[in-house]
Number of protein chains: 4
Amino acid sequence: MTGRPAQNRTADAAKRKPKFRRRAEARPDDILDAALKLFSIKGFSPARMEDVAKEAGISKGAIYLYFPSKKALLEGLIRRAVVPVADSALQMIAAHRGDPRPVIRKFLTMVAGAIKGPDGFAVPKLVIREAAAVPEIARMYREEVIDKALPAMTGLIAQGVEGGYIRDVDPELTVRTVIGPLFMHVLLDEVFGIRPEDGLAIDRLVDNHLTILMAGLAPERNGAR
Amino acid sequence: MTGRPAQNRTADAAKRKPKFRRRAEARPDDILDAALKLFSIKGFSPARMEDVAKEAGISKGAIYLYFPSKKALLEGLIRRAVVPVADSALQMIAAHRGDPRPVIRKFLTMVAGAIKGPDGFAVPKLVIREAAAVPEIARMYREEVIDKALPAMTGLIAQGVEGGYIRDVDPELTVRTVIGPLFMHVLLDEVFGIRPEDGLAIDRLVDNHLTILMAGLAPERNGAR
Amino acid sequence: MTGRPAQNRTADAAKRKPKFRRRAEARPDDILDAALKLFSIKGFSPARMEDVAKEAGISKGAIYLYFPSKKALLEGLIRRAVVPVADSALQMIAAHRGDPRPVIRKFLTMVAGAIKGPDGFAVPKLVIREAAAVPEIARMYREEVIDKALPAMTGLIAQGVEGGYIRDVDPELTVRTVIGPLFMHVLLDEVFGIRPEDGLAIDRLVDNHLTILMAGLAPERNGAR
Amino acid sequence: MTGRPAQNRTADAAKRKPKFRRRAEARPDDILDAALKLFSIKGFSPARMEDVAKEAGISKGAIYLYFPSKKALLEGLIRRAVVPVADSALQMIAAHRGDPRPVIRKFLTMVAGAIKGPDGFAVPKLVIREAAAVPEIARMYREEVIDKALPAMTGLIAQGVEGGYIRDVDPELTVRTVIGPLFMHVLLDEVFGIRPEDGLAIDRLVDNHLTILMAGLAPERNGAR
DNA sequence: AATGAATGAGGCTTCATTCAT
DNA sequence: CATGAATGAAGCCTCATTCAT
């Protein structure tokens, strides 16, 4: 759950290519954009440095002016995407008091928004794919994203249970129920191309999920079950 | 959501190797076991045929007696895992009439059981990883698993809504809410090593999720919303 | 001072090449022969593995079946050449008692013989060239050859001085006078193509050198100097 | 046997670099100094132009303002070192009449002096290393140094023999006996780090060698041998 | 004149695949 | 059937050289 703006410098670079030599400016970012694209399409290992270079509008060797190795490219990719997440959304959650359900609603909406953009899910998907082979990126992503987001949500739910806003559930496991559906929705789309007829429909997904979730988390009326 | 019955011949083969010449039958399955293991650990592309051979207790060349290429190994892997799923569980679902919620409960429990075993999630994870690079396996898995399971569940929910057993939700999207949490739970475990303190706890996860889910799907008491 | 027989398997291999695949036998030695040749001609760094392979009559990849890297090839080269030297000639020297001058004569003749063959000096020359860049080979050659030969000669001379067979010289430095000329002779030939009109004439060189050396080492007649 | 007068501007340049922009003159010499240092340490081929530039305190591109290629750098190096030798010492030798042994003594002392300085042997060693790969430098060094020094010494000895100052030896081969030990001494030091306990001790080496050499060259007393 | 970013040919090494045994 | 030596295409990375600034 991250995403990155990724300005399309790539296209511009391609146009300027006719010139024999080019000049510096935002090269590392261009390269990371290109790498993200190709690693996403072909996977880290099969993607060729030459293709990344071409996509970035530079030469093979130029990449090594900014990144010492292919693996460093991957790590740089994750690192760049991971930084902004850290503090932005989570303050809101951790600081909350009172009924946590509006916060949950806001959180899911926010995540949905981040994912909707083009390649909004590219980095997480890449992490999932390559985590087994490149443990560093799994660790980095875990430490910077998961280990911050998950406890925040868990705490929010725990506090909701204590405050009587939420039925007596296991907070740690309930987090899966909260975000799992959103995750699954995107994965079905990204991996198998499975999506509702009217496009990604991520807003409708969140709405539908929230309807069920809120009812499901609501404290039992009297004691019925 | 599959798993592979394929008994762990791998380990046995390795043990017997030094002694007796390996048995002549069941070779392809041994190879697929080895391939699954190595593709899971290192990824498809970085895994070497030689390692697969060693893991299977045979020679490099012997693999090619049964599989024409590395890619065929991957496809064979998916195909093997995919076949049994097809018909087993889904009949139950498609055939159902009446309150669908017990079926949902049974379904999730069943899937949880399949995943719990060692490498019960290996194949789906492999599909997720390699789908972008090897479209064939994405297609195959989609056609054989997803396109059977998803509509079955969707129909079950739709019918539940019609029958008044389930609140008025979008069946297609609700499927994500039903199975997403289970999926997320396993992925957190497999990719990041994140799991509850008492182990995978997949049964507790299902219990907790079902509690929320059933309450969330229950028809509104009178008509409020 | 070493040399190696180096049977010309190379040529034969070339003839057999028309066959698509070849069989194993003395492959590592063939490869070392080829490597020695090419490293000698072009130097270690500029020599290409592909050329070594071609010279050896095999494919690029086949080299790596026997040697893990280019550097290992160089080290293997030195190691192979170095082993035989160790014990052969030096026993004679170390064991000697009495007038050492006949032994010196024998020693120089022996070394001259070893050098005379084709490429008899190839390995030492390679060591000299690459020692600065690949310290391992310098160390290996030093430990296996120099550190055995030099002390043996030094001891021989020291004992000759003590026994009154040799004038009062510094044994450690005199070793340079004993073998330096032979060394210089070969180097002039190998590096600059400078040799007497009648070919390498190494026997004549030794004769001439011995004449001077023996007179030079002889104890002073009465006491003059 | 040469050495290079070229004052060690290298070290100075490095020190001044951070402060003032470097002086505009004498750049080529700085570059050659840097090149000599790096070629000596790593060898011609492995040494990188960038490192040479850094060592010289200038930029990569600046080298190409003075030398058209890496090879030209090597050749320039040799050429610079070679010029002074040509005329200086050899006049003395060629012009000599009478007993040549004092001249030999003077010559060896002179060469020893040239070698003693830091890197006094760097160029010859470089020539030896790269001669096989870059024939131009071998030829140049030969023509400018060897072909001048060797015949001069040969002639000196020949004349000594004719004049009865030296025993009846082959002048061409005797040259090896005269200078070989000095050469060997330095090579043992430079290549293998082998030197007498009290340092290079090149003066003692020359003394010891001369003792033997003079006695060895002296005409036979009456006829004994 | 000087810089150093950029290029791209080329080298080492890997590994899927073949095939002689 | 099985083996594993051998092949050779291909990938990562280096670095001499160029040239826009």
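Labels below follow one simple rule: chain letters A, B, ... track the order of the sequence lines, proteins then strands, and each chain is numbered from 1.
Counting non-hydrogen atoms under 4.0 angstrom, A:A47 reaches the backbone sugars and phosphates but no base.
Here the C1' atom of nucleotide F:dC13 and the CG atom of A:L73 are 13 Å apart, to the nearest Å. Between C:D30 atom CG and F:dA6 atom C1' there is a gap of 14 Å when expressed in whole angstrom units. Note: CD1 (C:I31) to P (F:dA5) measures 12 Å, nearest angstrom. When the P atom of F:dG4 is taken as reference, atom OH of C:Y64 falls 23 Å away, rounded to whole Å. Between B:E50 atom CD and F:dT3 atom P the separation is 12 Å, expressed in whole Å. For B:K70 and E:dT14, the NZ to P distance is 15 Å, given to the nearest whole Å. Following rounding to the nearest Å, A:K54 (NZ) and F:dG11 (P) show an atom-to-atom distance of 11 Å.
If you check F:dA2, F:dA6, E:dA2 against the side chain of C:S59, the one that comes closest is F:dA6.
Between the side chain of C:K60 and the base of E:dT13, a donor-acceptor pair under 3.5 Å is found.
Note: C:R129 CZ to D:F44 CZ = 12.0 Å, rounded to the nearest 0.5 Å.
Between B:R80 and B:D33, at least one side-chain N (NZ, or NE/NH1/NH2) sits under 4.0 Å from a carboxylate O, which counts as a salt bridge. The residues A:K71 and A:E136 are annotated as salt-bridged, a charged nitrogen and a carboxylate oxygen being separated by less than 4.0 angstrom.
Judged by distance alone, with hydrogens and angles left aside, the side-chain atoms of D:K125 form no donor-acceptor pair with the main-chain N or O of C:I128 at under 3.5 Å.
In this structure, E:dC15 and F:dG8 make a Watson-Crick or G-U wobble pair, each of the two defining distances being under 3.5 angstrom. Base pairing annotation: F:dA20 forms a Watson-Crick or G-U wobble pair with E:dT3, both donor-acceptor distances under 3.5 Å.
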